[in-house]
Amino acid sequence: MSGALACIVAWLALAVASLLRLRGAWFARCAAFPLGALAALVLAVIGLQALWQPAAAMTLPLGLPGLPFHLHLDPLAGFFLFLLGAVSAAISVYAAGYFADEAPGRLALIGLQYHVFLASMALVILADDAYLFMVAWETMALASYFLVTTDHREPAIRSAGFLYLLIAHLGAIAILLAFGILHGGRGDYSFAALRAAQLTPFWSSVAFLLAFFGFGAKAGMLPLHAWLPEAHPAAPSPVSALMSGVMLKTAIYGMVRVIYDLIGGLRWEWGLVVLVVGAGTTLFGVLYALMQHDLKRLLAYHSIENIGIILLGLGMSMVFVGFGHPAAAALGLIAALYHTLNHAVFKALLFLGAGSILHSTGLRNLNDMGGLIRRMPQTALYFLIGALAISALPPLNGFVSEWLTFQTALQAPVLEHGVVRSLLPLFAATLALAGALTAMCFVKVTGVAFLGQPREAAHAAHQAAAHGRIDCGPAGRIGMAWLAIACFVLGLFPSAILLLLNRICVALLGAGLPEDALESSWIWLVPSSRAQASYSPLIFILVIVAVICITAFGVRRFYHGRVRTAPPWDCGYPLQTARMQDTADAFGQPIRHVFGPLYLMRRHLPGPDDPAPRFVLRIEDRHWVWLYLPVARLVGFLSEKVALLQRGRISIYLLYSFLTLIVLLVFVR
Amino acid sequence: MTTTTGIAFQLLQSLFVVLIAPLLMGWVNRCRAWLQNRRAPSLLLPYYAMAKLFHKDAVIARDASPLFRLTPYVLFGCMWLAAGIVPVLATALPFAPAADVIALVGVFALARVFSALAAMDIGTSFGGLGARREMLIGFLAEPAMLMTLFTAAFISGSTQLTTIVNTLAHRAFEVHPSLLFAAVAFLMVLLAENARIPIDNPTTHLELTMVHEAMILEYSARHLALIEWAVAIKLFAYMTLGIALFLPWGIAAAGDWAALPLAVVALGVKLALAGAGLALLESLLAKLRLFLAPEFLSAAFLLAVLGMLMHFLVRG
């Protein structure tokens, strides 16, 4: 506990030291980020330990008089601290290389905001009272807002930052109201008091909805997702990685903490709400990701999709809790938390890869890239690993959590309610569809960006580089390699993670997985019983690698290994240019065709006599038309009416004060 | 059953599948030739073609990355693994718990992603076209396949192929309406996933229609031979999976040497019939326009989902 606090203090000290520009910009440039990574590693170890140790609590004499800060470290908080530490360590190492050539002034500010951001996320996870939680939550929102608007001179980035801040605060208000309902005017604001609140079903459902949508706004859940595809691309890449990889997960933490722990008494109807929203979020995210050609925007849409997948696991778990099946509920919660960790790892890796491309070539539009594997082989390798992981392909980590989610859905026959029983497999079908679409999307990204021939802009970037390789520096490579290895470790040793996550379930639900699942050896991943399902990624990868080696050896042994190089054949077409390859838009075109009605497409077809014809196709989010713009218009209308009160004359304001006083005197006696 | 006999069974079955798979390809080609009033090629033609390809010099495009040369081996490894998971001759193999039906779908997806990436590697127009179309087919075929397998999983209460096949094989004969839906959906997925008519034509090189062939245009010699071999194993694995799910009678348990000859005969008869059926289907159907393929596959997906719901509605 005190160790975790020391890490937070270290981060805050680094933030201040970066701002003070110790020894010029040297400190922020060379020392701040590596030291931050070290603190993050320590925090990860502390988080891991907390999964085994009994919960620890601490009260800090800070805050307002009579409202001290309460801290609490239990298995759930420990798991999220581990996630925060392990992922942000890699991002900090990467950031040390990425920000090395920033101007000193900007660097000092980034160093301050970045470390305050990290410290506030750790405090959100450790908070044990609503007051500290909200303070840390708002600090997190503000620090990330300033990081998003690092390039604030561009109007598009300013408006993206504004949208983010707006939706973040809508969410914060909802969370605050949820805490208010739990508090109910009694006692103090510590989580222990909130946990003890006795609520009627109506009020606990209201609290659930407020908490769900409040945290959902931060997580990028439908329909409050609009900020995410704007804010993530606007931020510098390590910050995007941190926001997408870690910050969204604090929202998941909040959801689990408030709904499972504080509100308690889960109802299956709540689970259905979560499932419906999760399924919509999943499909929306992946379908819009397929339409993007801006790499970071595409990754942002995939974050929306993955939040949906996490919600599917959570929702199934809540349905099972509601019907009183703790083993299946534990499986669902484990699937959701496992996917939370996995998404943190591979999405951070992918954003760092996108950052490397942006840093080396200045390109963000996939349609300008191509052939980068030859100039950036290491980045290409790491990005490919991330792409395979997010596409839920075995034996990497994304597959394990989706497999667990499927296994949760397959527990549906234990439910007594006929309709719900047949609904759960439908959500599994949604997940299957989304998984296959994700694979398509990442074939598109990897194929268009890294493979093929360099397109014109990429070619220019290649030429501009003085030497042959434009790969990122050693710090960047270490950061990405760390995450890529994590993709393998989380994918190959799932039963160890299962045991860790089971402890959270025991702490939260009072019950964990059945004995059969826990006693199987470390090679096998068994969710309920061995007859029902099992999976062994180690054997899986060993077989494939062994066959590859044997085949390669056999071919070498029995046949000659001669290879000739020649121009590409391509069915004999003599003239091949880089422009004849599929672009990102071309690759997504069939999906646009199949799912046409789901998109809001604006086409501009040039006329036959247009001297400079250009075909323009813009794909927009339907939510803007039916939700955001009407709400914006309504708010504008109401503000205009309120503005009528403001006349700019002091006598009228005095009259308002006088009237208010009279009214108060009448009512308050 | 001791572990050694189990592993012996496992290795034997994998080798058997890998070696016999091209024969099934030859059989389908021969049946199709008969049905189309052509003179049939030798049953062993796929073997001859592969032997010839192995002996040739590989020609690789100038800018090919290591991924391009690795992919044939990955495809071959994936299909070999699939051949080890599907209960072809025997159930309860020691490998079987390593991957259940979901992981099996994952293996096929892994192979698909690698072949699509390799197709985009050279940067030719055909490669990208093939990759795009393959992924378009895959994104619907994969969930349809998964839902089909889920129906069987719900009936037997397990995603282990061994348990599924044991449940389905050792029961009194009864018609599961949900399995009927699943079987139709599975057949449609089988056609799409193995690049057969009506989704793709394995014999065409016409740019308007080819999907799988467009992806492997740049491959030659041993790489091409490995890919062709992997394709043959994939067809074999799909067919035996269909047989194991919908016609499982006659399959042996691992270590049961006495039941093995019967299992081989039963499998041979079933595969011969299935191959002839495939050739008949391919001769009767016309290839669909590319944008009808999603409709075909979404029909398969919906059938599979309906089958799954049917299981819950009528409990059977």
Proximal component of [X], with respect to chain B [non-hydrogen, under 4.5 Å]:
| X | value |
| --- | --- |
| A/Phe399 | side chain |
| A/Val555 | side chain |
| A/Val545 | neither |
| A/Val543 | side chain |
| A/Leu423 | neither |
| A/Leu538 | neither |
| A/Gln576 | side chain |
| A/Ile548 | both |
| A/Glu402 | neither |

Practice item. For B/Ser125 and A/Gln581, test the side chains for any donor-to-acceptor distance below 3.5 angstrom and give the result as yes or no. Key: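 No - no donor-acceptor pair under 3.5 Å links their side chains.
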If every non-hydrogen atom of [X] is compared with every non-hydrogen atom of [Y], which pair is closest and at what distance?
| X | Y | value |
| --- | --- | --- |
| A/Ala566 | B/Val59 | CB-CG1, 3.6 Å |
| B/Val113 | A/Val443 | CG1-CG2, 3.9 Å |
| B/Asp100 | A/Gln407 | OD2-NE2, 3.2 Å |

**Study point:** Residues from residues 424-437 of chain A approaching chain B under 4.5 Å (heavy atoms)
**Key:**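 A/Pro425, A/Leu426, A/Ala428, A/Ala429, A/Ala432, A/Leu433, A/Ala436, A/Leu437, listed by number.
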Given heavy-atom pairs under 4.5 angstrom as the criterion, report whether the side chain, backbone, both or neither of [X] touches chain A.
| X | value |
| --- | --- |
| B/Val101 | neither |
| B/Val74 | both |
| B/Arg69 | side chain |
| B/Leu146 | side chain |
| B/Gln160 | both |
| B/Phe301 | side chain |

Practice item. Evaluate the criterion side-chain contact (heavy atoms from CB on, under 4.5 Å) for residue pair B/Val107 and A/Leu393; output intermediate values, then yes/no. Key: CA-CA 7 Å; B/Val107 180; A/Leu393 294 174; over 6 Å; no
Review point. How would you list, in number order, the residues of residues 288-296 of chain B that have a heavy atom less than 4.5 Å from chain A?
Key: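 The list, in residue order, reads B/Phe291, B/Pro294.
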**Study point:** Members of residues 221-229 of chain B whose heavy atoms come closer than 4.5 Å to chain A
**Key:**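 Within residues 221-229 of chain B, near chain A: B/Arg222, B/Leu226.
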Check your understanding: Is the B/Phe54 ring parallel, tilted or perpendicular to the A/Tyr559 ring (thresholds 30°, 60°)?
Key -> parallel
May I ask you to name which of [options] has the most heavy-atom pairs under 4.5 Å with chain A?
| options | result |
| --- | --- |
| B/Thr163, B/Leu309, B/Asp63, B/Ile85 | B/Asp63 |
| B/Ala116, B/Ala109, B/Ala103, B/Gly77 | B/Ala103 |
| B/Trp80, B/Phe76, B/Phe154 | B/Phe154 |

Practice item. Determine the option with the most heavy-atom pairs under 4.5 angstrom with chain B, choosing from A/Ala578, A/Ala439, A/Ala552. Key: A/Ala552
Exercise for review: May I ask you to name which of A/Met580, A/Gln411, A/Lys444 has the most heavy-atom pairs under 4.5 Å with chain B?
Suggested key: A/Met580
Check your understanding: Under the salt bridge (Lys or Arg N to Asp or Glu O under 4.0 Å) test, which residues partner A/Asp582, sequence neighbours left out?
Key ->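 Expected list: B/Arg132.
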Review point. Do B/Phe114 and A/Leu388 pass the side-chain contact (heavy atoms from CB on, under 4.5 Å) test, and can you show the C-alpha distance, the side-chain angles, and the key distance before you say yes or no?
Key: CA-CA 10 Å; B/Phe114 265 94; A/Leu388 294 179; 4.0 Å; yes
Practice item. Starting at OG1 of B/Thr159, measure out to CH2 of A/Trp403 and round the result to the nearest 0.5 Å. Key: 6.0 Å
Exercise for review: Check the pair A/Arg564 / B/Ile60 against side-chain contact (heavy atoms from CB on, under 4.5 Å), numbers first and verdict last.
Suggested key: CA-CA 6 Å; A/Arg564 279 192 288 133; B/Ile60 284 187; over 6 Å; no
Check your understanding: Is the backbone of B/Ile122 close enough, under 3.5 Å, to the side chain of A/Gln453 for a donor and an acceptor to pair up by distance?
Key ->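 Yes.
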